[in-house]
Structure formats: C-alpha cells, structure tokens
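To keep things clear, I will list the structure first and then write my remarks on it.
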Amino acid sequence: MSRTLVQPVGQKRLTNVAVVRLKKHGMRFEIACYPNTVLSWRSGVEKDLDEVLQSQTVYSNVSKGVLAKSKDLIAAFGTDDQTTICLDILKKGELQVAGKERESILSSQFRDIATIVMHKTYNTETQRPYTISMIERLMREIHFAVDPHSTSKKQALELIQELQKHFPIKRCPLRIRATAPQDQLPHLLEKLKEWNATVISKEGSSTQLSVVFEMEPGLYKDCHDFVMNKMHGRFDVLAHSLYVEGDTHVDQYNDYEDMPAPLPRETHDSVLELNEKLQKQTISSTSRPTEVQQKQNKCNTCNVCFDDSKLYREHHKSEWHKHNMKRKTRQLPPLTEEECMADMELGDSKSDLKDYSF
C-alpha cells in the first residue's frame, strides 16, 4: 500500500515575509508584507497596496499562521474591516527586522544625522566647522540613541540643542539676500537690528535695494514672512553652512610641498624665465589641415594639431603629453615640447636638491 503526502489546501505558507506588528489594547496584531516595500510605502514611493501586502489579512501571529479574532479587532480598532485595519497597522506598526539588518539601518541613520549636524554647526572657539568623525564622537559621549521612527533631520535638530549644553557648538547662521523697495529699507534695517542680524552688504538701484545679511536659523520663518508678506519683496537663502574666508582648496596643493624652500640662485632665475616665457607663449600652426581633420587630430591638452593619425596616437604616449596632463590637473597652461623637456630637467634638479642633505 503506497503512502501519499497530502498538503493542506487552505494553508498559506508565508516565506520571505516582512512582518509589521502593532500592539493595541494589550493585544498583538500583525500583517504580512513583502520585503523592502514597507519603507517605500511610508515614504510615498509605493502607492499600490497589493505590492506591499502579501495578503490583506490581520494575524495575531504571522509565523504560526494564527488569524486575529473578529471580536479582538472590533475591541481594538472599532471595526473588523481587514483592509482598513491593515492600513492602520502599516502606518503605525513597527517593522520587524533581523538583528544585523536593524544594526545596519541604525548605523546608516546615525551617519546621516551626524552629516546633517556637521553641515549645520561650527565650533564657537575655533570658528571652524566640525568634521563628521568629531560629531560622531560627541554623539557617543552623550550616549545618543537613534530613533528609527523619527526622521534624521528632526533628530539632528534635537541633537544640536543637546550638544550645545555640553560642548562649544552653535548653529551656522543663514546668509540671506532680501530685495525690497527703497522706501522699505528703514523698516528692514530696524527689523534686522531687532533680530541681531549682521549686514554683509547693500546694493541696488534707486527703486530697489538688496541687503545681504546673516541671522540665526530660528528666525527664518519670521524674516521670510516679513519680507514676502509685509514688504512684498524677494527672499533668497544664499548659504546655510559656515564659509570662512581664506580657506584652502584642493587645487591650491601641489606635489612639491615637501621640497626644501631655499634653492640656488640659478635655479630660481631659470624658473622666473620659464614663467615669463609661458605668459608670452602663443601657439600657432604653420600649416592647417581641413577643418574636420584638424578637429579629429588636435590634442586639447597640449594645444597642438597633427596631420597624421599615427603621430597623433603616438603623441598621447609621449612624456610631453603626460607632463602637460599633470600640469592641467594643477590648472597650469600647457608647454611646448622644448619647454616641456626643460621643465622636466628642472624638476629632476629639484629632486636632486631635495635628496641632498648638508
């Protein structure tokens, strides 16, 4: 006698399920959702409920397949309509995730909050912005805990107020440009003085005047309403981060920072002569090919044209082209082939001086 394995027809096997749980009136209600769709639905990206819910059924325990009783649904939600209750649980419930996944989400949100705080604050002692690593260290010192149910921006603003109690940190002022009729200027200046705003500049014509000023971010709404509604002017936010004059940029750095400052007089004179020659340099070609051929065989880095495609390809492998590529990254003008060789020999002499020790 053969045995046959009979599967229950009415049994639903929910595999790879994201469970959303809501506790209400001392009872637990759960719904089964597709993974990675709950957050998309809450953020408004996903609109189709059928793409989020695996079944529009309310459970008391999804893993065991136990359905919620109708009397419990009526007692907790006031109705036994499954779709309405599912929407309520999907909106207010807690998404159940695995330990590693939860840790990854919290770590990512922790970093997002630190980034927002970094862009919105500065150190009152040094007048410089904090780095993100310093912000994260301060957050750990005050034992900041991420709330997964709150937005990163809201938590960042609350965190700034908490950090101000323990560390020299302050919100970056907003740099705003307000444009209004000339006769409204006294009222605007009076308001700015009342708000302790710092006027940066004034410019405009006889009919309209633009005032650029910095003020506390907390006064943004009052200032916006005053300029737009009462003065019927124009309101523009120019910057909301700290900008310090004289800050260095990446372009200001070069490859010769570690070289010794003093150089022989002859080398210094040769550098000056080379710079003067570069300023007067004008590249002109004696014979010009057709317009199409010139466009195809022109090296924009070295600003030179080639009649032969083979020479053009070999040029890109030459030391001349490579040297001009390095100069281009430092925003320097290109050199001719002769000037390139002279500059490379000069660089070798500098390297010898760097290695030479007295």
Side-chain angles (χ1 to χ4, degrees), residues 18-24 28-31 33-47 52 87-176 195-196 214-225 235 237-244:
V19 179
V20 180
R21 180 181 299 167
L22 178 65
K23 292 183 179 180
K24 197 170 185 180
R28 185 177 70 178
F29 303 98
E30 296 178 350
I31 55 176
C33 305
Y34 292 104
N36 305 323
T37 58
V38 178
L39 297 180
S40 299
W41 187 87
R42 289 179 175 176
S43 61
V45 176
E46 182 61 59
K47 303 292 184 180
V52 179
L87 287 172
D88 195 14
I89 296 175
L90 189 60
K91 181 179 179 181
K92 302 178 182 178
E94 180 181 357
L95 177 63
Q96 306 298 305
V97 294
K100 290 185 178 181
E101 187 179 356
R102 182 184 298 107
E103 183 180 352
S104 176
I105 294 174
L106 293 179
S107 176
S108 177
Q109 191 171 7
F110 185 90
R111 184 82 174 183
D112 292 341
I113 295 172
T115 304
I116 296 174
V117 174
M118 178 190 68
H119 289 305
K120 291 183 176 293
T121 59
Y122 69 98
N123 191 330
T124 56
E125 295 179 353
T126 62
Q127 300 297 317
R128 295 280 177 172
Y130 283 96
T131 62
I132 190 168
S133 59
M134 295 173 65
I135 294 295
E136 290 179 346
R137 180 174 58 83
L138 298 181
M139 292 169 65
R140 294 187 180 96
E141 287 186 10
I142 65 173
H143 305 288
F144 175 77
V146 177
D147 183 7
H149 302 291
S150 181
T151 62
S152 298
K153 184 176 181 180
K154 181 181 178 181
Q155 294 184 73
L157 296 178
E158 295 174 353
L159 175 62
I160 292 174
Q161 297 179 359
E162 186 66 26
L163 289 175
Q164 288 176 343
K165 301 177 183 178
H166 308 280
F167 305 103
I169 189 172
K170 190 177 180 181
R171 286 283 301 272
C172 294
L174 288 175
R175 180 166 291 191
I176 299 171
W195 292 330
N196 294 325
E214 290 183 349
M215 62 180 299
E216 292 294 328
L219 300 172
Y220 171 83
K221 189 176 185 303
D222 295 338
C223 182
H224 180 271
D225 294 342
F235 185 89
V237 178
L238 303 180
H240 54 79
S241 300
L242 185 66
Y243 293 94
V244 181

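What's counted below: heavy atoms across the whole structure, side chains too, no hydrogens, waters or symmetry copies.
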How close do Ser152 and Asp112 get, heavy atom to heavy atom, and via which atoms? OG-CB, 4.0 Å
Using 0.5 Å steps for rounding, measure from the CD1 atom of Ile116 to the OG1 atom of Thr151. 8.0 Å
Dump the intermediate steps for side chain to side chain contact (heavy atoms under 4.5 Å, CB included) on His119 and Thr115, then the final yes or no. CA-CA 6 Å; His119 289 305; Thr115 304; 3.7 Å; yes
Are the side chains of Phe235 and Tyr220 in touch, meaning some heavy atoms are under 4.5 Å apart? yes
Is Arg42 reaching over with its side chain to a backbone N or O of Lys92, donor-acceptor style, under 3.5 angstrom? no
Charged N-O contact under 4.0 Å between Glu94 and Arg21: no
Using only atom types and a distance under 3.5 Å, with no angle test, would you say the side chain of Gln155 pairs donor to acceptor with the backbone of Val146? no
Taking all heavy atoms of Gln164 and all of Ile169, pick out the closest pair and write down the distance. CG-O, 3.3 Å
What one should report as the nearest heavy-atom pair of Pro217 and Cys172 is CG-O, 3.3 Å
Can you tell me if Lys24 has over 12 outside heavy atoms packed within less than 6.0 Å of its NZ? yes
Partners passing ring-ring contact (aromatic ring centres under 6.0 Å, His included) against Phe167 (at least two apart in sequence or in another chain): none
Check: Phe144 and Glu158 side chains under 4.5 Å, non-hydrogen atoms: no
Using a 3.5 Å cut-off and no angle test, enumerate the donor-acceptor pairs between side-chain atoms of residues 129-139 and protein atoms at least two apart in sequence or in another chain.
{"from": "Tyr130", "atom 1": "OH", "to": "Asn123", "atom 2": "ND2", "distance (Å)": "3.4"}
{"from": "Tyr130", "atom 1": "OH", "to": "Pro168", "atom 2": "O", "distance (Å)": "2.8"}
{"from": "Thr131", "atom 1": "OG1", "to": "Ser133", "atom 2": "OG", "distance (Å)": "3.2"}
{"from": "Thr131", "atom 1": "OG1", "to": "Met134", "atom 2": "N", "distance (Å)": "3.4"}
{"from": "Glu136", "atom 1": "OE2", "to": "Arg111", "atom 2": "NH1", "distance (Å)": "2.9"}
{"from": "Arg137", "atom 1": "NH1", "to": "Glu141", "atom 2": "OE2", "distance (Å)": "2.9"}

Nearest heavy-atom neighbours spanning Trp41 and Lys47: NE1-O, 4.4 Å
Applying side chain to side chain contact (heavy atoms under 4.5 Å, CB included), run through Ile142 and Leu159 and close with a yes or a no. CA-CA 10 Å; Ile142 65 173; Leu159 175 62; 3.6 Å; yes
So does Ser150 get a backbone contact from the side chain of Gln109, meaning a donor-acceptor N/O pair under 3.5 Å? yes
With a 4.5 Å limit on heavy-atom distance, are the side chains of Pro148 and Ile105 in contact? no
Can you tell me how far the CZ atom of Arg28 sits from the NZ atom of Lys23, to the nearest 0.5 Å? 7.0 Å
State the CD1-NZ distance between Ile160 and Lys170, to the nearest 0.5 angstrom. 13.0 Å
Tightest non-hydrogen contact, residues Val38 and Leu95, listed as CG2-CD1, 4.0 Å
Please give me the minimum heavy-atom distance between Cys223 and Trp195, naming the atom from each residue. CA-CH2, 3.5 Å
